[in-house]
Amino acid sequence: MFSPRIHRFEQTQILPVPLEEAWAFFSEPKNLDSMTPPELAFDTQSGDDEAMFPGQVIVHRIQILPKIWTTWVTEIVETEERSYFIDEQRFGPYKFWHHLHRFEACDEGTRMLDRVHYALPFHPFSAPMNGLFIRPQLEHIFQFRRKVLEERFRGSSLGG
């Protein structure tokens, strides 16, 4: 049996808002749909009707390729208010998915870190897919998210 290769993706972004405001936005799972590129037709089916908590299971439907849909089930496994939360895939397109969202106050507002560890199914046969498709798609998704957040928090100012 082959061991999966664990890949790592990381992105940091400064949000020009106080930590409390950033945390309030991200602790509402219903905000995730608007931060995902429209071509993925990402749709949360259940689990986003209350603020985030450990043990929360969220069910999404996502279009991974044109006309190819899958269900993606994630669980919020750990949270520390105004500091971090972790979601993990329970069922979906990855063999392994662990996503750390970390938040910390900084002079410019809130520094937000996303660190994703993931593995693809069918290793080693899927290895070329990471460089050709999966990694570029993750970069696209997080760049889209960066732009959405820049627009969402544009005009916000610290202290008022």
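Heavy-atom basis, side chains included; hydrogens, waters and symmetry copies ignored. One is the number of the first residue; the rest follow in order along the sequence. Small disclaimer: the values here were computed from a predicted structure and weren't measured.
The pair Asp114-Arg145 meets the salt-bridge criterion, since a charged nitrogen lies less than 4.0 angstrom from a carboxylate oxygen. Salt bridge status for Arg152 with Glu150: absent, with no side-chain N to carboxylate O gap under 4.0 Å.
Taking Ile, Leu, Val, Met, Phe, Trp and Tyr as hydrophobic and joining them when side-chain heavy atoms fall under 4.5 Å apart, one finds Phe91 in a cluster with Val57, Val59, Val73. The other members of the hydrophobic cluster of Phe96, by chain and number, are Ile6 (side-chain heavy atoms under 4.5 Å, ILVMFWY only). Connectivity analysis of hydrophobic side chains (ILVMFWY, heavy atoms under 4.5 Å, direct or indirect) links Ile86 to Val77, Tyr84, Leu100.
For His117, there are no side chain to side chain donor-acceptor pair (under 3.5 Å) partners at least two apart in sequence or on another chain. Glu139 meets the side chain to side chain donor-acceptor pair (under 3.5 Å) test with Arg135; sequence neighbours excluded. Legend: residues meeting side chain to side chain contact (heavy atoms under 4.5 Å, CB included) with Ala41, ordered by chain and number and at least two apart, are Gln63, Trp69. Residues satisfying the side chain to side chain contact (heavy atoms under 4.5 Å, CB included) test with Leu132, not counting sequence neighbours, are Pro128. Shown here are the side chain to side chain contact (heavy atoms under 4.5 Å, CB included) partners of Glu39, two or more places apart in sequence or in another chain: Pro37, His140. In this view, Tyr118 and Asn130 satisfy the side chain to side chain donor-acceptor pair (under 3.5 Å) rule, not counting sequence neighbours.
A salt bridge (Lys or Arg N to Asp or Glu O under 4.0 Å) check over residues 56-75, counting only residues at least two apart or in different chains, returns the pairs Glu75-Arg90. Identified under the side-chain hydrogen bond (donor to acceptor under 3.5 Å, both in side chains) test for residues 26-35, with sequence neighbours left out: Asp33-Thr44. Judged as a ring pair (Phe, Tyr, Trp, His ring centres under 6.0 Å), the pairs with a partner in residues 35-60 (not counting sequence neighbours) are, in order, Phe42-His60.
Between the side chains of Glu81 and Trp23, no donor-acceptor pair is found at a separation under 3.5 Å. Using a 3.5 Å distance cut-off with no hydrogens or angles, the side chains of Asp87 and His101 do pair a donor with an acceptor.
Atoms CG and CD, from Asp49 and Gln56 in turn, are 7.5 Å apart once rounded to the nearest 0.5 Å.
The six-membered or imidazole ring of His99 lies near that of Phe142, with a centre-to-centre distance under 6.0 Å. Aromatic ring centroids of Phe85 and Phe26 lie 6.0 Å or more apart.
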